[in-house]
Structure formats: C-alpha cells, structure tokens
Amino acid sequence: QVQLVESGGGLVQAGGSLRLSCAASGRTLTTYTMAWFRRAPGKEREFVAAARWSGGISYVADLADSVKDRFTISRDPARNTVYLQMNSLKPEDTATYYCATGPRRELPIPRMTAGYDYWGQGTQVTVSS
C-alpha cells in the first residue's frame, strides 16, 4: 500500500521560507512522478510543482508560473522523500499543500489531479503579511 506523509508546514512571515517534505512508502519515487498541489480556502486544488526522475540525477520538473522563481522540487532517494523548497513566500501562498504520486507517463508532466493516484493528508502553510 502506498502512503505519503507530508510535513514541514507552519506559520511564516511574508518573505520567509519553508521546506515541505513528503515521505513515501510502498512506492519508489524514482520510478514515478511526484507532485505538489495546494488548496486555499474557498478555492480549487491547484498544481504547484512536479518532477519525473530518470534514474541517476536527471529529471524533468514543471512548476506553476506563480511559483517557478521561488519554489524548487527535489528528492532524497535514500529517504524516498520529495521536498518542496519555498522561498520568498507571499500571503497568497497560504494553503493546504498536498503531495501526490502517479504513474510515470510520457511528457508533459500532468498538472491535473487525475494524473495522480495516491495523495497525502496535507500540511498547512500560512503566510502572514
């Protein structure tokens, strides 16, 4: 059974940084696509970032336009963990952040929730102004 457990959320002032972690069990991250989504109060869940690794260290990443200059997705294969480094946080980044994993398909990396079959429980990120 695949399980994803997010951590690292919290309260931070605008301009600050947080690193979210997603620890996976039951699936080896290097052979699947990993993604981060978020949902702000009253809004739909939206794509944030995703990556598809090809063994070694090579990977293809995709980030939403709203975060691409501030967020980075990475992994630690030894820990089977994916990270979302979030810098220069803004109040509009406030949301519950979800980790997801899905089959490794042909590019482009899916940005829709239907492209992913397992989800974590979410971690709250609150950015104060």
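Atom set for the values below is all heavy atoms of this structure, side chains included, hydrogens, waters and symmetry mates excluded.
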Walk me through whether Val82 and Trp53 qualify under side chain to side chain contact (heavy atoms under 4.5 Å, CB included). CA-CA 11 Å; Val82 172; Trp53 285 272; 4.1 Å; yes

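- Counting only residues at least two apart or on different chains, the disulfide (SG to SG under 2.5 Å) pairs with a member in residues 92-129 are Cys22-Cys99.
- Annotation for Ile73 and Tyr59: closest pair O-OH, 4.0 Å, computed over non-hydrogen atoms.
- Evaluation of the side-chain contact (heavy atoms from CB on, under 4.5 Å) rule for Val127 yields Val12, Ala14, Leu89, Pro91, Asp93, Thr94, Val125 as partners, not counting sequence neighbours.
- The structure places CZ of Phe71 at 9.0 Å from CG of Leu18, a figure rounded to the nearest 0.5 Å.
- Across all their heavy atoms, Ala50 and Ala35 have their closest contact at CB-CB, 3.7 Å.
- Between the CG atom in Asp117 and the OH atom in Tyr32 there is a gap of 8.0 Å [rounded to 0.5 Å].
- The salt bridge (Lys or Arg N to Asp or Glu O under 4.0 Å) analysis of residues 43-54, with sequence neighbours excluded, yields the pairs Arg38-Glu46.
- Partners of Arg19 according to the salt bridge (charged side-chain N to carboxylate O under 4.0 Å, His left out) rule, which considers only residues two or more places apart in sequence or in another chain, do not exist here.
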| task | Go through the steps for Met34 and Leu4 under the test side chain to side chain contact (heavy atoms under 4.5 Å, CB included), then give the verdict. | result | CA-CA 10 Å; Met34 298 299 298; Leu4 303 176; 4.3 Å; yes

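- Among pairs with a residue in residues 77-103, none fulfils ring-ring contact (aromatic ring centres under 6.0 Å, His included), at least two apart in sequence or across chains.
- Remark: Ser17 engages Gln85, Asn87 in a side-chain contact (heavy atoms from CB on, under 4.5 Å) (not counting sequence neighbours).
- Counted by atom type alone, Arg39 and Thr96 present zero donor-acceptor pairs between their side chains at under 3.5 Å.
- With sequence neighbours excluded, the residues satisfying salt bridge (charged side-chain N to carboxylate O under 4.0 Å, His left out) with Asp65 are Lys68.
- Residue pairs meeting the side chain to side chain donor-acceptor pair (under 3.5 Å) criterion with at least one member in residues 105-116, sequence neighbours excluded, are Asp62-Arg111.
- Phe47 pairs by the ring-ring contact (aromatic ring centres under 6.0 Å, His included) definition with Phe37, not counting sequence neighbours.
- Between the CZ atom in Arg104 and the OG1 atom in Thr31 there is a gap of 8.5 Å [rounded to 0.5 Å].
- Here the side chain of Arg79 pairs no donor or acceptor atom with the backbone of Arg75 at under 3.5 angstrom.
- In terms of the side-chain contact (heavy atoms from CB on, under 4.5 Å) criterion, residue partners of Gln121 (sequence neighbours excluded) are, by chain and number, Val5, Glu6.
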Taking it one step at a time, do Thr72 and Leu84 satisfy side chain to side chain contact (heavy atoms under 4.5 Å, CB included)? CA-CA 6 Å; Thr72 304; Leu84 184 68; over 6 Å; no

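- The side-chain hydrogen bond (donor to acceptor under 3.5 Å, both in side chains) test applied to Thr81 returns no partner, not counting sequence neighbours.
- Across all non-hydrogen atoms, the minimal contact from Thr123 to Gly9 is OG1-N, 3.2 Å.
- Counting only distance, with no hydrogens or angles, the side chain of Thr126 and the backbone of Leu11 share no donor-acceptor pair below 3.5 Å.
- In this view, Val60 and Leu107, Ile109 satisfy the side-chain contact (heavy atoms from CB on, under 4.5 Å) rule, not counting sequence neighbours.
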